[in-house]
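Read the structure below first, then the notes.
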There are 2 protein chains.
Amino acid sequence: MSNLSLIETARDFNRFYTNFLGLLNKAYLDTPFTLTDARILFEVGSHDGVSAAALVRDLQLDPAYLSRILKRFRAEGLIETSPDPADLRSQVIIVTDQGRETFEELGRRSNAQIAARFDRLASGEPEAAVSAMCTIRALLDPAAKPAPAIIRAHRAGDIGWIVQSQGRFYAEEYGWDLRFEALVADVAGKFLANFDPAKEYCWIAERGGVNVGSVLITNSGDGVAKLRLLYVDKSARGLGLGKLLVDECIRFSWQKGYRELSLWTNDMLETARAIYVKTGFRLVSEERHRMFGPEANGQNWMLDL
Amino acid sequence: MSNLSLIETARDFNRFYTNFLGLLNKAYLDTPFTLTDARILFEVGSHDGVSAAALVRDLQLDPAYLSRILKRFRAEGLIETSPDPADLRSQVIIVTDQGRETFEELGRRSNAQIAARFDRLASGEPEAAVSAMCTIRALLDPAAKPAPAIIRAHRAGDIGWIVQSQGRFYAEEYGWDLRFEALVADVAGKFLANFDPAKEYCWIAERGGVNVGSVLITNSGDGVAKLRLLYVDKSARGLGLGKLLVDECIRFSWQKGYRELSLWTNDMLETARAIYVKTGFRLVSEERHRMFGPEANGQNWMLDL
DNA sequence: CCGCGTTAGTTGACTCAGTCCACTAAATAC
DNA sequence: GTATTTAGTGGACTGAGTCAACTAACGCGG
């Protein structure tokens, strides 16, 4: 569960924006269209040939209601419909010239309105606002489909991100205390401080500019590599990123001449364990511990390379 | 007139958010309240003693409509009204205990809804979304006053945040390499690992649920406290947070019986230096170094307590 | 103090956006 | 070939929101 004051702030913003959009939409009162009419007209105007069913889905309308509105639009000569040859139940909607004119007129008014709003801002401010809008949209719009994940080496800030995300995750999920975050900070910090590019590496999985996963290989000496801090963020699970990161580690360790790859984990991390099993690791030992508060079962795994 | 594609993007966002809010507001269908009811109840619940006229103004409602809704609320025992002694035309609206319960229940549901939405996001993304919301609000809402910052002790994830934000900031701003982030991780990690609540502390400045600043006090022994990792995020500068954090440190160090407070900084950090001077620190030594790549001027400062 | 324009709030009368249900026809699953 | 799902439509309704007309209190100028 996210931070409460974060949520309060978001609610506050939503109240504000409800109001703001309400004001903007009042402008449709000058025209014979309701907000819903305008949304439909916009959708039809910008995606020529949509079906009514698609509109119902995208705009979350009642089919009967939409049907009536389309009927009215048809009567007013704004659109024409014809059955879809590929599916005779369905019909494709196309805008007439007059419909297009109306659509564009609505667009002009809407633009003018926003332009008027933006005109009151200082230079650079509209850009800042729009960029913030894009941020929100990318985060909250499920249809703005997530960019594909990529895996790359670590950069400034990434080690901190590892500490933060894991510290927070294990605290929220398993009630581990700050000693765990301390351990992560220690491991990650030492990795960075003594980083040996010839034998060590840090992979960061990133999606749309946001970090969503990580893993480290550190040198334990004696030809043993250690896989550490494997983590995939909640938002990116089920994409096979964990497996991908572990595969990277195995390939890297083999290539750098390590003899063995070892790792330490805790048994409640089922998904991780499944990956270790699948990639050929074997369990060498386990011990119960209370290193971070609640009791847990630490496990050492090993892979011969 | 602003850039056209900027406006198009803003319109696009508005369409998306109209939809988004529409979805959120569907949830009120579970309750006997409409969106308008909920907005009114929220306003009344959070500003006890408002007048109907104020509601009409703030929520842009029809007075007749509001009057009827208030009448209903009164009948249901959610609110009570009494004439305003200062203006007998007007009436003050106060919520009854039952009304407050309802108000809080609505709040809980609304929170849960947003929490559910946020749960699908990656760690750090809710913060990013909310911070973008604040940006928009600050720009578009003439009445918006920035959320007040609060200063609190550290929690899970905060130490990682310190490492990440400073690692990234110094890399971007001054081109410092990963050795700096390693140093921060080391300092922060050791702080957490050896944390002694009797002599040490970490303050996090938070605004609207987003971390915007930090500072640590660590024990250097011999009655010397060390102020470390002072940082205020770009988005929150100019609010005096840096001064506030340093003041906290001084008060804490004095109270815990330290003799001296020392710190290490670099001279290109003008704002920080100004704070140190103002709070009575004196420069004891400086040396040029290349610890993090580019040449810099490290300084040791000291304050007698 | 009186009139006159204004503001706070209320009631009556209405309308029209949006919903629910039942139905037809085509498509798809089994 | 039958059963189930999906696309679209019309009938019937409801209730959120609007508009106009009203009362009562305020406040300003003379």
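Chain letters run A, B, ... following the sequence lines, proteins first and then strands; every chain starts at 1. Note that these values count all heavy atoms, side chains included, but never hydrogens, waters or copies made by symmetry.
- Summary of the strand contacts: A/Gln60 and A/Leu88 both lie near DNA chain C, and taking for each the nucleotide with the nearest heavy atom, the more 5' one is attributed to A/Gln60.
- We find that B/Asp97 and B/Arg100 are not joined by a salt bridge, their nearest charged nitrogen and carboxylate oxygen being 4.0 Å or further apart.
- Under the 4.0 Å criterion applied to side-chain N and carboxylate O atoms, B/Arg74 and B/Glu80 are not assigned as salt-bridge partners.
- Within the 4.0 Å cut-off from OP1 or OP2 of C/dG9, not a single side-chain nitrogen or oxygen of B/Lys71 is found.
- Atom CZ of A/Arg72 is separated from atom P of D/dT9 by 14 Å (rounded to the nearest Å).
- Backbone-only contact: B/Asp87 has heavy atoms under 4.0 Å from sugar-phosphate atoms and none from a base.
- Ring centers of B/Tyr17 and A/Phe20: at least 6.0 Å apart, outside the cut-off.
- Not counting sequence neighbours, A/Arg57 has no partner by the salt bridge (charged side-chain N to carboxylate O under 4.0 Å, His left out) test.
- A/Ala64 comes within 4.0 angstrom of a base, heavy atoms only.
- A/Arg74 has its CZ atom 8 Å from the P atom of D/dG10, to the nearest Å.
- Using a 4.5 Å heavy-atom cutoff, the side chains of A/Thr9 and B/Met133 are not in contact.
- Between B/Arg89 atom CZ and C/dG5 atom P there is a gap of 16 Å when expressed in whole angstrom units.
- One finds a side-chain N or O of B/Ser67 lying less than 4.0 angstrom from the OP1 or OP2 phosphate oxygen of C/dT10.
- Counting to the nearest Å, the P atom of D/dA20 and the CG atom of B/Asp62 are 11 Å from each other.
- Taking atom CG of residue B/Leu66 and atom C1' of nucleotide C/dT7, one finds them 15 Å apart after rounding to whole Å.
- C/dT24 atom P lies 19 Å from atom CD of A/Gln91, rounded to whole Å.
- One finds a side-chain N or O of B/Ser90 lying less than 4.0 angstrom from the OP1 or OP2 phosphate oxygen of C/dG9.
- The side chain of B/Thr34 places no N or O atom within less than 4.0 Å of a non-bridging phosphate oxygen (OP1 or OP2) of D/dG15.
- DNA chain C is contacted by both A/Asp37 and B/Leu70; B/Leu70 maps to the nucleotide lying nearer its 5′ end (nearest heavy atom per residue).
- Among the heavy atoms of the strands, none lies under 4.0 Å from A/Arg39.
- For the pair A/Phe73 CZ and D/dG8 C1', the computed distance is 17 Å after rounding to whole Å.
- Rounded to an integer number of Å, the gap from B/Ile79 CD1 to C/dG9 P is 11 Å.
- Between the base of D/dT18 and the side chain of B/Arg68 there is a donor-acceptor pair shorter than 3.5 Å.
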